[in-house]
Trainee: 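First the structure, which I've put down as structure tokens, then a few questions once you've had a look.
To find a chain, count down the sequence lines: A is the first, B the second, and so on, and within it residues start at 1. Please read these numbers as outputs of a predicted model, since none were measured by experiment.
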There are 2 protein chains.
Amino acid sequence: MNSTEQKKTNQKYYSKFTRIYVAVDCIIFGFLNNELKILILTRDFEPAMGKSSLIGGFVRKDESLDDAAERILYDLTGLENVFLEQLYSYGKIERDPGERVISVSYYALLKVQDLDHDHVEKHGARWCNIGECNELVFDHNDMVERALTRLRRRAKNQPLGFELLPRKFTIPQLQVLYEAIYQKKFDNRNFRKKLLAMNVLEKLEIKDKSTSKKGAYLYRFDKKRYNRFLEEGFLFDL
Amino acid sequence: MNSTEQKKTNQKYYSKFTRIYVAVDCIIFGFLNNELKILILTRDFEPAMGKSSLIGGFVRKDESLDDAAERILYDLTGLENVFLEQLYSYGKIERDPGERVISVSYYALLKVQDLDHDHVEKHGARWCNIGECNELVFDHNDMVERALTRLRRRAKNQPLGFELLPRKFTIPQLQVLYEAIYQKKFDNRNFRKKLLAMNVLEKLEIKDKSTSKKGAYLYRFDKKRYNRFLEEGFLFDL
DNA sequence: TCAATAGGGTGTCAATTTAACTCTAAATAT
DNA sequence: ATATTTAGAGTTAAATTGACACCCTATTGA
């Protein structure tokens, strides 16, 4: 059997089954005004026109799931090389009242200072505080909740937090971020101690004075040290 | 706009997009002969006829992803109410050479003593040791690896291990299971200590003498105590 | 019947890790 | 110069973890 015949046979075999619309929905996290937020938009199409939803789109026939997620993220934000991870697939029959649609959710961590806010607003998207966006369409609230759970777990074992801050950041900034993620205060001495003990930060000789008179030293995440750290099998836990 | 018109509009909107075959593949774990194994089968259809693969099938239009996974598991094993959790979705364009297929993987934990082995064999499935089934079709090896990683993580934070043993089991049995899962030895005193400290086991007044002359006490997992335990926010870690 | 065997069951201690805690230093604004 | 504000550092007690060795019990077969 040659390749063409092969394909024909397959298509015949597969054609007994249903094909289904597959969508990707993104939970896009950002850290603004010392708060953890996600991007949402108001739907300008049916079903559920006028309601708030996550940013999503359909998977095209010439792209993988990951590609689709990257494309959707790029279209909205203009950003590439953003932290993006698949989360969970939602497949209830009636989850989208319009049609049978399966949705694969992804969550992204943006450095908001890289963002062109006008571009985002032009697409009708806006930032919504975690915990204040409970009125999303379909099963999007479940998606957000699952994303938060995942983020909280991941941020304990991997230095994910850095993905939400500028490349250069201070330790107090990082602490505020972690406090926003976990919704609780950390002891600053212990936070600093554990963080520096991991030895994945490079201290710069510059201070950031935007938040204090004294000024706080800037640090940079050192990916090489982090990789060494992973190979040695250590665990990151704040 | 009434409901029928609504649906029509949606279909028109959605119809610009591609529909895709969606499959479910199951990584079915079992504990036999003191080893952790998974069920695989030899494909009797194209593509990749004759090669080994996980157990899978296509999602039908009248069932959710979870339903499809349960159905596939039931058809092969005749079992219901089995531990089953969604794992990850695979969406590379060429992952299945026959057609564009997206696969949502699930992993299951079977109590093998509940299993009708003839029934399973009639379906052409067989048990394969973890680590000895590296020659699976498509991306199924990735699926197995991801399932193992997940199982190892979950088994630390939830008493998942019980799902792979009979309802009544001894502590040494459980330890052997955990050693098979993590591929390392545990200290039996520490294992027992931590396990019993969680207070989710009910000790029975019967001994199992199948593995020793002295006999080991049987225990039963106490779901009520476990739920209380979860509500109090404790963590299970061996 | 008694000795040997094979696996089951138990407690302590040292080392490490975690969590709680308070003050001084630096820079700016008044 | 003085007041204000945030950054940054070290100690100790408590809890947790991990290492470690011996006796118990039922069976088997000499």
Trainee: Under 30°, 30 to 60°, or over 60°: which ring-plane class applies to B/Phe162 and B/Phe221, parallel, tilted or perpendicular?
Mentor: parallel

Trainee: Do A/Asp25 and A/Ser103 get their side chains close enough for a donor-acceptor pair, meaning under 3.5 Å?
Mentor: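 Note: A/Asp25 and A/Ser103 side chains meet the donor-acceptor criterion.
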
Trainee: Ignoring the backbone of A/Pro172, work out which of D/dA9, C/dG8, D/dG8 is nearest its side chain.
Mentor: D/dG8

Trainee: Rounded to the nearest Å, what distance is computed from the CG atom of residue B/Asn188 to the P atom of nucleotide D/dA21?
Mentor: 12 Å

Trainee: Expressed as a whole number of angstroms, how long is the span from B/Arg189:CZ to D/dT17:C1'?
Mentor: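 So the CZ-C1' distance, B/Arg189 to D/dT17, works out to 14 Å.
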
Trainee: Rounded to whole Å, how long is the line connecting atom OH of A/Tyr217 with atom C1' of C/dA25?
Mentor: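 Rounded to whole Å, this separation is 11 Å.
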
Trainee: May I have the distance from B/Phe186 (atom CZ) to D/dG18 (atom P), rounded to whole angstrom?
Mentor: 10 Å

Trainee: For C/dT10 and B/Arg192 - does any side-chain N or O of the residue sit under 4.0 Å from the phosphate oxygens OP1/OP2?
Mentor: yes

Trainee: For B/Asn227 and B/Lys224, does a side-chain donor sit closer than 3.5 Å to a side-chain acceptor?
Mentor: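 Side chains of B/Asn227 and B/Lys224: no pair found under 3.5 Å.
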
Trainee: For A/Phe191 and D/dT6, give me the distance from atom CZ to atom P, rounded to whole Å.
Mentor: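 One finds 18 Å between P of D/dT6 and CZ of A/Phe191, rounded.
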
Trainee: Are B/Tyr219 and B/Tyr217 close enough that their ring centers fall under 6.0 Å?
Mentor: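 Not under 6.0 Å, so no.
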
Trainee: Would you say the base of C/dA20 and the side-chain of A/Asn190 have a donor-acceptor pair closer than 3.5 Å?
Mentor: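 Present.
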
Trainee: Measure CE/B/Met198 against C1'/D/dT16 and give the value in whole Å, please.
Mentor: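 Taking CE of B/Met198 and C1' of D/dT16, I get 15 Å after rounding.
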
Trainee: Measure from CG on B/Leu174 to C1' on C/dG9 and round the result to the nearest Å.
Mentor: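 So the CG-C1' distance, B/Leu174 to C/dG9, works out to 15 Å.
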
Trainee: Name the orientation class of the two ring planes belonging to A/Tyr182 and A/Tyr178 (parallel below 30°, tilted from 30 to 60°, perpendicular beyond 60°).
Mentor: parallel

Trainee: Rounded to the nearest angstrom, tell me the gap between atom CG in A/Leu195 and atom P in D/dG8.
Mentor: 12 Å

Trainee: What does nucleotides 25-30 of chain D look like as a protein-contact string, B for base, S for sugar-phosphate only, - for none, at under 4.0 angstrom between heavy atoms?
Mentor: BBB---

Trainee: Between A/Ala216 and A/Lys193, who's closer to the 5' end of DNA chain D by nearest nucleotide?
Mentor: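 Here A/Ala216 is the residue nearer the 5' end.
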
Trainee: Give A/Thr211 one of three labels, base, sugar-phosphate or nothing, depending on what nucleic acid heavy atoms sit under 4.0 Å from its own.
Mentor: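 If one applies the 4.0 Å heavy-atom cut-off, A/Thr211 turns out to touch the sugar-phosphate alone, with no base involved.
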
Trainee: When you check the gap from the basic side-chain N to the acidic O, do A/Asp187 and A/Lys194 get nearer than 4.0 Å?
Mentor: no

Trainee: Assess, by modelled atom type and distance only, whether the side chains of A/Ser64 and B/Arg95 contain a donor and an acceptor separated by less than 3.5 Å.
Mentor: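 The criterion, which ignores hydrogens and geometry beyond distance, is not satisfied for B/Arg95 and A/Ser64.
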
